[in-house]
Engineer: 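Structure incoming, see below.
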Amino acid sequence: MPRDGADNIVATTSRRRTPNLRGMSTCNERYSRRTFVAGAGALALAAYGVSDARATPRPHWSGYPFTLGVASGDPRPDGVVLWTRLTAEPLSLDPVSDRRVPVRWEVARDENFRRTVQRGRAWATPELGHSVHVEPDRLQPDREYFFRFESGGEVSPVGRTRTAPHGRVGDHRFAFVSCQDWQDGLWTAFRHLAEEDVAVVLHLGDAIYENAPNATAVRQHEGAGEPVTLDEYRRRHAQYRTDPDGQLVHARHPFVSTFDDHEVDNDWRSTFPQDPALQGPAAWEARRIAAFQAFYEHMPLRRESIARGASIRLYRRFTMGDLVEFNVLDTRQYGSRSEPCGYGTGPICPEVLDPARTMLGEEQERWLYRRLDRSRSRWNVIAQQVPVMQIDVGAGPPVDLKLDKWDAYPAARKRLFDEWQRRHVANPVVLTGDLHDNWVGDVKADFADPASATIGTEFIGTSISSDGDGVPVSEEGAIALAENAHIRFHNSQRGYVTCHVTEDRWRTDFRLVPFVTRPGAPVTTLASFEVKDGTPGAEQVA
Ligand code: FE
Ligand code: CA
């Protein structure tokens, strides 16, 4: 696998630099158990109420078990989820062990673990693929913490994380990302994102791709075909977790992760797979059960997101004091059939206009409207998967739409927009992944009427690697810019998006890596946009 070597060219626009944690980026670095215990002290052992030897029966790892690195996620003011998964052989289909394995964890204020604030023990069980999810809950708001795990005498790399702020918040920085197809390119963007001064990273989906291995790709998927079983999804996720740039970014920032389609099957929605001829209802349900469980096992998610059969709770809310509220949506699990008039792009067919069509499902829709109604935040973010704004991608009349997106759910979209207006939702901002392009658009009350009110702003972030190097303006992008008066910006290269939110304005910077098919790309700011408090729609400022 090509190694990035981007250490020398990391650029950052950060105002405050995060501490230099270069040392923790070397994920193969080993720490002796002695060091871990010295940091944890005798107190830890006393707390377990057992002798050291019995507390940690040595598991028979064939090698270093923390090959997938560490991660943290779902920050709240009092805590954050700490994640790892133990496997010495990530690409093996054999279970690592049929026994549960004790793991110790600790959280400190400093990266040398001199000021440990919380520690405990967890079990890594075979039922959950020896993944570990711990939820320390006595932390202070808006603070940086460091964490690590120990098992069988081996110590994990050190992770850095941050709790959510609370109360009056004047300033919040975060990033959003999506779409990291292993085969299409390197994750140099993650290497740069690791250096950014952000409190949290939202991952809007396509953290893995289910595609079969492609011999001519930049690098190859493991396996022989698309994953279908739990072990196959585990192995695909594990392969993705071995990437050093991915491990680096997850060791630096907490993530809020949701899935899109490729964590399961291209363009799936609820009970509808991409290709029903290849998978009947029972096979499709079994596949979702496997994919959902593997997703939980590999993401820093809270207990309420443990997969239960063909169901996983991924829609949830994060509050950054009184400044920003993130409503993370799930546009895959509960919606009506994607592409009701056949696969791909085309003019609207009568089925699309069926008022019974739903994108979020009734329960999630009710939850969202209740949340928006109760919000006292200045900025109300909807962080989700597929574009909410209309994107006509056909030159001239008629309107040609992608029928996996909100464009194929006009009645559901109108309900959402009506709720924004009726409940006077403050500053709605939609953040979207999916398209592998950067886009900025005005959200219109009625896309058929360009003179209708602008009622919100949508930022669509490009992919980390999916679709390879890309081009500044795609053919489709050029058509869309000409056909859609509400679209203000398009770019089809790779990168991530950072946002800096204050009381008076929202700033979005599109961060660009010019290539991903070879290592060493620098990062630059491609364009910057601002939204003013109380005035929906973004203006380009740089
Ligand atoms: Fe994607
Ligand atoms: Ca058109």
Side-chain angles (χ1 to χ4, degrees), residues 14-19 72-82 107 109 117-118 135-147 160-177 193 196-204 252-258 300-302 304 315-329 367-384 420 423-431 456-457 459 497-509 530-536 538:
S14 301
R15 192 191 44 177
R16 288 171 289 135
R17 293 273 306 172
T18 47
S72 69
D74 282 19
R76 290 179 182 162
D78 65 346
V80 63
V81 180
L82 312 178
V107 178
R109 291 299 313 278
V117 294
Q118 214 171 330
E135 302 183 30
D137 57 3
R138 302 194 308 272
L139 305 182
Q140 297 298 309
D142 202 20
R143 286 251 177 109
E144 177 178 77
Y145 290 98
F146 299 85
F147 64 97
R160 172 204 167 276
T161 190
R162 189 167 193 94
T163 49
H166 167 73
R168 184 92 199 271
V169 174
D171 179 340
H172 185 69
R173 291 168 187 268
F174 72 96
F176 69 98
V177 300
L193 176 53
E196 298 274 1
D197 177 19
V198 292
V200 63
V201 178
L202 310 181
H203 197 305
L204 303 180
R252 299 279 181 104
H253 304 304
F255 271 55
V256 166
S257 294
T258 184
L301 292 167
R302 290 187 181 272
E304 48 266 39
Y315 66 85
R316 54 213 200 275
R317 179 188 63 144
F318 297 90
T319 301
M320 302 298 155
D322 61 358
L323 189 63
V324 199
E325 193 147 304
F326 295 106
N327 292 289
V328 177
L329 301 190
W367 169 87
L368 175 62
Y369 300 153
R370 209 164 49 232
R371 295 266 56 105
L372 290 172
D373 204 41
R374 288 183 191 163
S375 166
R376 302 209 326 272
S377 299
R378 187 169 298 254
W379 301 91
N380 287 281
V381 175
I382 292 184
Q384 49 105 53
W420 284 3
R423 296 177 199 242
H424 306 287
V425 173
N427 295 313
V429 176
V430 181
L431 305 179
T457 313
F459 295 105
V497 187
T498 58
C499 301
H500 182 202
V501 190
T502 59
E503 288 178 16
D504 337 325
R505 58 146 191 68
W506 171 298
R507 183 188 173 104
T508 291
D509 291 308
E530 275 188 12
V531 184
K532 291 198 176 63
D533 175 32
T535 310

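The figures here come from the full heavy-atom set of this structure, side chains too, leaving out hydrogens, waters and symmetry mates.
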Engineer: Does the side chain to side chain donor-acceptor pair (under 3.5 Å) test come out yes or no for Asn327 and Asn380, once each step is laid out?
Structural biologist: CA-CA 8 Å; Asn327 292 289; Asn380 287 281; 5.0 Å; no
Engineer: Show your reasoning for whether ring pair (Phe, Tyr, Trp, His ring centres under 6.0 Å) applies to Phe174 and Phe326.
Structural biologist: CA-CA 11 Å; Phe174 72 96; Phe326 295 106; 4.8 Å; yes
Engineer: Among residues at least two apart in sequence or on other chains, which ones pass salt bridge (charged side-chain N to carboxylate O under 4.0 Å, His left out) with Arg505?
Structural biologist: Glu530
Engineer: Hey, what do you get for CG (Leu139) to CD (Gln118), rounding to the nearest 0.5 Å?
Structural biologist: 5.5 Å
Engineer: The criterion is salt bridge (charged side-chain N to carboxylate O under 4.0 Å, His left out); which residues satisfy it with Arg76, sequence neighbours excluded?
Structural biologist: Glu304
Engineer: What distance separates Tyr145 OH from Leu82 CG, expressed to the nearest 0.5 Å?
Structural biologist: 11.5 Å
Engineer: So Trp367 and Leu329, side-chain contact (heavy atoms from CB on, under 4.5 Å) or not? Walk me through it.
Structural biologist: CA-CA 10 Å; Trp367 169 87; Leu329 301 190; 3.9 Å; yes
Engineer: Look only at the side chain of Asp322 and the backbone of Ser377, and say whether a donor-acceptor pair between them is shorter than 3.5 Å.
Structural biologist: no
Engineer: His253 vs Arg160, test: side-chain contact (heavy atoms from CB on, under 4.5 Å). Steps then yes/no.
Structural biologist: CA-CA 6 Å; His253 304 304; Arg160 172 204 167 276; 3.8 Å; yes
Engineer: Does this structure show an ion pair linking Arg374 with Glu325, if we count only N-O contacts that are shorter than 4.0 Å?
Structural biologist: no
Engineer: Applying side-chain contact (heavy atoms from CB on, under 4.5 Å) between Thr161 and each of Pro75, Pro136, Pro254, Pro300, report the one that passes.
Structural biologist: Pro254
Engineer: Measuring from atom NE2 of His424 to atom CG of Asp373, what distance do you get when rounded to the nearest 0.5 angstrom?
Structural biologist: 10.0 Å
Engineer: Hey, mind stepping through Asp142 and Arg162 against salt bridge (Lys or Arg N to Asp or Glu O under 4.0 Å) and telling me if it holds?
Structural biologist: CA-CA 6 Å; Asp142 202 20; Arg162 189 167 193 94; 3.3 Å; yes
Engineer: Show your reasoning for whether side-chain contact (heavy atoms from CB on, under 4.5 Å) applies to Val200 and His172.
Structural biologist: CA-CA 9 Å; Val200 63; His172 185 69; 4.0 Å; yes
Engineer: Let me see the working for Val381 and Trp506 under side-chain contact (heavy atoms from CB on, under 4.5 Å), right down to the final yes or no.
Structural biologist: CA-CA 11 Å; Val381 175; Trp506 171 298; 3.6 Å; yes
Engineer: Can you tell me how far apart CG (Asn427) and OG1 (Thr457) are? Round to the nearest 0.5 Å.
Structural biologist: 8.0 Å
Engineer: Quick one: does Gln140's side chain get under 4.5 Å of Thr163's, heavy atoms only?
Structural biologist: no
Engineer: Tell me which one of Leu202, Val497, Leu193 satisfies side-chain contact (heavy atoms from CB on, under 4.5 Å) with Val177.
Structural biologist: Leu193
